[in-house]
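Sequential numbering from 1 along the given sequence is applied to the chain's residues.
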Amino acid sequence: MTRVSFAQHGEDVVLHRALGHIREGFWVDVGAGDPEGDSVTALFSDLGWRGINIEPDPAACARLSAARPRDVTLCCAAGAVAERRVLHRIPHSGLSTLDPAIAARHAAEGLPVEPIEVEVRRLAEICDAHAPRCIHFLKVDAEGHEAAVLAGADFARHRPWVVVVEATEPNRPTPSHAAWEPGLLSAGYVFVRFDGLNRWYVAAEQEAALAGALALPPTPFDGFVRLAEVRAWQRATAAEAAAEAAKARAEAAEEALRDAERRASEAQ
């Protein structure tokens, strides 16, 4: 069966390869973004999973809440301490950040930056309040704030089977994992692979069961098509249908004209 991959870099395909046998799984998504576009969790939501979506952008958070009524969606950021911070919001981009230096770089590149104040909560406190005993995967995409997100987690109390963390500077290939990877490794997580954007880890107690399935990028044998391909096919199908309808209307108009000319000729 062909399924649709919504994620930016095929992360949902790889996660499904490892975890797709679980019927009612649970995720924690830090920097959840849009409910469909570039979403790592949309596929799993369609499969009946639930999760915690953490998203500080109010517009994106509202879309998530409307589209995912079974989830816990929190309009906040995650960080090392509970506080209030300025989010440098860049609408419709996925680049909103708590880091003023990164925001200044985006502004210098011509992107519109809108500062708003948001709540920051520790991931450990969020999981204490809302997560079940078993978390199947944690995804962190915090646009330069990943170290603080992970510093606010408690991997002794809450042990996601798989952890996927964006590991390059925003919009750059420069690695950024040195600031936070040692903490994950010391918490008993095993590095599996780097996919060019994210670094993948598995809890040591799950390594034997899951590491092999996580080790490869998406392949044709996974049986997925990308959302962009589906939408392109839908647009092409709609355009073809519109062209056929226009052709049918033109042919009907021509036939009506010939019929009118025939009746006029008969009347003479």
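In this structure, the side chains of Glu119 and Glu83 stay at 4.5 Å or more apart for every pair of heavy atoms.
Residue pairs meeting the ring pair (Phe, Tyr, Trp, His ring centres under 6.0 Å) criterion with at least one partner in residues 83-136, sequence neighbours excluded, are Trp49-His136, His136-Trp161. Applying the salt bridge (Lys or Arg N to Asp or Glu O under 4.0 Å) test to pairs two or more places apart or on separate chains, those with a residue in residues 176-191 are Glu181-Arg199.
Checked against salt bridge (Lys or Arg N to Asp or Glu O under 4.0 Å), Arg122 has no partners two or more places apart in sequence or in another chain. Under the salt bridge (Lys or Arg N to Asp or Glu O under 4.0 Å) criterion, Asp29 pairs with Lys139, sequence neighbours left out. Evaluation of the side-chain hydrogen bond (donor to acceptor under 3.5 Å, both in side chains) rule for His9 yields no partner, not counting sequence neighbours. In this structure Asp46 satisfies the side-chain contact (heavy atoms from CB on, under 4.5 Å) test together with Phe6, sequence neighbours excluded. Among residues two or more places apart in sequence or in another chain, the ring-ring contact (aromatic ring centres under 6.0 Å, His included) test is passed with Phe191 by Tyr201. Among residues two or more places apart in sequence or in another chain, the side-chain contact (heavy atoms from CB on, under 4.5 Å) test is passed with Ala131 by Phe26, Ile52, Cys127, Ile135.
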Validation: residues 97-104 side-chain donor-acceptor distances under 3.5 Å, sequence neighbours left out:
unit_1: Thr97; atom_1: OG1; unit_2: Asp99; atom_2: N; d: 3.0
unit_1: Thr97; atom_1: OG1; unit_2: Glu143; atom_2: O; d: 2.9
unit_1: Asp99; atom_1: OD1; unit_2: Ala101; atom_2: N; d: 2.9
unit_1: Asp99; atom_1: OD1; unit_2: Ile102; atom_2: N; d: 3.2

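When hydrophobic residues (I, L, V, M, F, W, Y) are linked wherever their side-chain heavy atoms come within less than 4.5 Å, the members clustered with Val113 are Ile90, Leu95, Leu111. Grouped by direct or indirect side-chain proximity (heavy atoms under 4.5 Å, Ile/Leu/Val/Met/Phe/Trp/Tyr only), Phe221 sits alone. Other cluster members for Val81: none, since no ILVMFWY side-chain heavy atom sits under 4.5 Å from it.
Between Glu255 and Arg258, at least one side-chain nitrogen of the basic residue sits less than 4.0 Å from a carboxylate oxygen of the acidic one, meeting the salt-bridge criterion.
Atom CZ of Arg17 is separated from atom CG of Asp12 by 11.0 Å, given to the nearest 0.5 angstrom.
Tyr189 and Trp27 sit in two unconnected hydrophobic clusters of ILVMFWY residues. Membership requires side-chain heavy atoms under 4.5 Å apart, directly or through other members.
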